[in-house]
Each structure stands twice: as C-alpha cells, then as structure tokens.
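Proteins come first, then strands; the chains are lettered A, B, ... in the order of their sequence lines, and each starts at number 1.
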Number of protein chains: 2
Amino acid sequence: MKRKEEAAAMATVTDPLGACNNATLRKAARRLGKLYDDALAPSGLRATQYVLLAQTAALGTPTMAELARSLLMDLSATRHSLGPLIRDRMVKVRVDANDRRVKRVSLTAAGEARFVEAGKLWRQVQDHFERAFGAARAARLREELSVVASDAFEDALSSE
Amino acid sequence: MKRKEEAAAMATVTDPLGACNNATLRKAARRLGKLYDDALAPSGLRATQYVLLAQTAALGTPTMAELARSLLMDLSATRHSLGPLIRDRMVKVRVDANDRRVKRVSLTAAGEARFVEAGKLWRQVQDHFERAFGAARAARLREELSVVASDAFEDALSSE
DNA sequence: CATTATTGCTGGTATATGCCACTATATGGT
DNA sequence: ACCATATAGTGGCATATACCAGCAATAATG
C-alpha cells in the first residue's frame, strides 16, 4: 500500500467523515461563517444578512423569487431571513405595480447606510482571510465552489 | 485589461458576492446539502443527522463536548441537533461513571441499524457527486476546505 | 478543607433554512 | 366570460446552529 493510501486509511479511523463532501463543506462553512459573523458583529448584521442586503442592492429592486434564486435559497427561507431586516427597517417590500402577485424588495435609507458601514467590515475580514489563505488560492476555491453550486452542475447531476 | 479581468469585472456586476468567500461557501453548502438530504431522505435521516450518527459511531461513546468539537460545532447546537435523534431513540445519552458532569453519547441498536441503512444511500450520493465532479477534484476540494476548517488555520488567522 | 476557578451541560432565545399547504393573481385555451 | 394551470408569496412547522445565562460537578489553590 502506498504511503498516501496508508495515511488515508489512518485518517478514516480518526475522521470517518473526512471523505464526505457534504460534511467537510459544512464544517468549513461553520468556521468561515463564524469568522465573518464576528467581523460584521459591530455593524449589527449577521453575515447572511449582509449578503441579503448586498444582493438586494446589486439586483436593484428584485422580487422575492429573484432574490431567492440568486442566492440558491428557498423562497420561503428567503422570506423568513428577510424578516428581521424588515422588522428593523433595513429593507422594505412592496407589491409590484404590474403584477400584484409580485413583491419587490429594496433597501431603505437606513439599510443602505448600514450596508455601507458593514461593507467596510466585510472588506477587512475578506482581506484578513485572503492574507492568511492566499488570494489566488481563495479565488480558486471559490471557483470550485461555484461549480458545485452552479445550475449547470446541478443539471449534470440529475441528467445522469 | 486582460480578458480574465474583464470577465471578473463583468461578473461583479451580475454577482457582487462572487468574491465573498463566505457567501460562495454558503451557496455551495445549500446546494450540496440538498443533494445529500434528498439522497438520504428514504432513510428518514437528514444529512446532518447522518453525520452526527457517523461521528458518534466513529468516536465510540464520545462526550457531548467531544462530539461538538469534532464537528466544529457549538456544544449547545450539538445538543439541540441531537434532540430529534434522542427523541426517536437513535442515540442515547448517559452520565459518565467517573465524572458526573459528563454525558456520553452512543448509538442504540435502532440507531446503529438506521446508520447502516443510511450508509448505503450516503455511498450512492457520494459516488454520484464524485462521478460528476471528479473524485480527485473532490478530494482536492475537501483538502482545501479542511484547511479552512482546521485549528491551525484558525490560529494563523487570530495570531495575525 | 473551604474557597475559587474551571469544565460540561441544559434551556431559552434568535436567526438560518427547508418543506408543505394554502391563497391570490395571472394566463392560456375553449 | 370560464375553467385549468402556472406563478408568487405567506404561514406553520421542523431542523440547524449560535450565544448567553445559569447549574452542577470537579479541580486547583492557599
């Protein structure tokens, strides 16, 4: 048995989930989530909330469904996550003029200001991470993760 | 401007979070989580629950804290996640003989059986993913994610 | 040995996320 | 116009996950 395989076999005993793509991904997500959450804490925003604001700002005044889709999130989950932000008047939701089924999400002035504030903290933690991990390496990692998350890959999986 | 940078600039408009390591990781986690969840559904276990059972089995009869640490999870979160599994008699929790503060977690016979059943489904979805993504590529990705999740990296970040 | 600090866990509360059932609105075909 | 479908959101419920404030038991210290 080659040395690498030996090491892998050994690792399996210690860490039987080391081979599970999902388990590994979640562990990393917990760690990184905490890093970003902590960094953003002074702004009063969680990392997820920051992402919601960022995506809303980026898309203009997206519909709930557009927002959800762009984040690969369940529509209902998106709505629920928006809850605290709506309550705290960071975002507002209005019925679309042309289609009354549709709700459009947008930042309030307060939301905009908060987002800008949090943006500085985001920049810091993002840089901090990339200094430690390597910017190019991080870019490659994101690239791979984007593939996993892509619709194209999803299709490839299901069409098999 | 080189073509690659152009593409990156363009992507920023469409996807302003494409550069956020955390956002990218979460998106991938949602996708992959759903893939594994769906695959395990016939067993009645969520992917996270499967991971809890697997880790418990692997560690023998770990304490709550050991289980939490091994999954990089909050102790309280671990306890709460264990809730449904305890309720459904998949795992049991007992006070340690030597230290009455400590609770030791172990699989029941039913939990063991369920774990084995789910293991087959896990194998299938794991293989399915790796056929589509590439086994070596998946291994590399896990490797990188493990670094992000590692204590060593955590230390490197905080000591900076 | 009494006091203090530490450790391990529990419970409450809050957000994150997903599924499902349901409602409201549009739309397409007859 | 009318009905069948499809689309967009809402609300309820369940799990996932974290923080914090206790509480209990052990370890450390003088």
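- Proximity of A:R100 to the phosphate of C:dA26: a side-chain N or O atom is located under 4.0 Å from OP1 or OP2.
- In this entry the distance linking CD of A:E66 with P of D:dA8 reads 9 Å, nearest Å.
- Minimum atom distance to the side chain of A:D74 is reached by C:dG18, of the listed C:dG18, D:dA8, D:dT10.
- Residue B:R79 has no polar side-chain atom (N or O) positioned under 4.0 Å from OP1 or OP2 of C:dC9.
- Of the two residues contacting DNA chain D, namely A:D37 and A:A65, the nearest-nucleotide position lying further toward the 5' end is that of A:A65.
- A search for side-chain contact (heavy atoms from CB on, under 4.5 Å) contacts involving B:R100 returns B:V95, not counting sequence neighbours.
- Listed nucleotides D:dA25, D:dT10, C:dA24 differ in distance to A:R101; the shortest reach to its side chain belongs to C:dA24.
- B:K34 has no side-chain polar atom (N or O) that falls below the 4.0 Å cut-off from OP1 or OP2 of C:dT17.
- The distance between atom CG of B:D96 and atom P of C:dC9, rounded to the nearest whole Å, is 9 Å.
- Counting only N and O atoms by type, the side chains of B:N22 and A:Y50 include no donor and acceptor under 3.5 Å apart.
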Which protein N or O atoms sit under 3.5 Å from an N or O of nucleotides 13-16 of chain C?
| from | atom 1 | to | atom 2 | distance (Å) |
| --- | --- | --- | --- | --- |
| C:dT15 | OP1 | A:R87 | NH1 | 3.2 |
| C:dT15 | OP1 | A:R87 | NH2 | 2.8 |
| C:dA16 | OP1 | A:T48 | OG1 | 2.5 |

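- With rounding to whole Å, A:K27 atom NZ is found 17 Å from D:dA16 atom C1'.
- The structure places CG of A:L82 at 12.5 Å from NZ of A:K92, a figure rounded to the nearest 0.5 Å.
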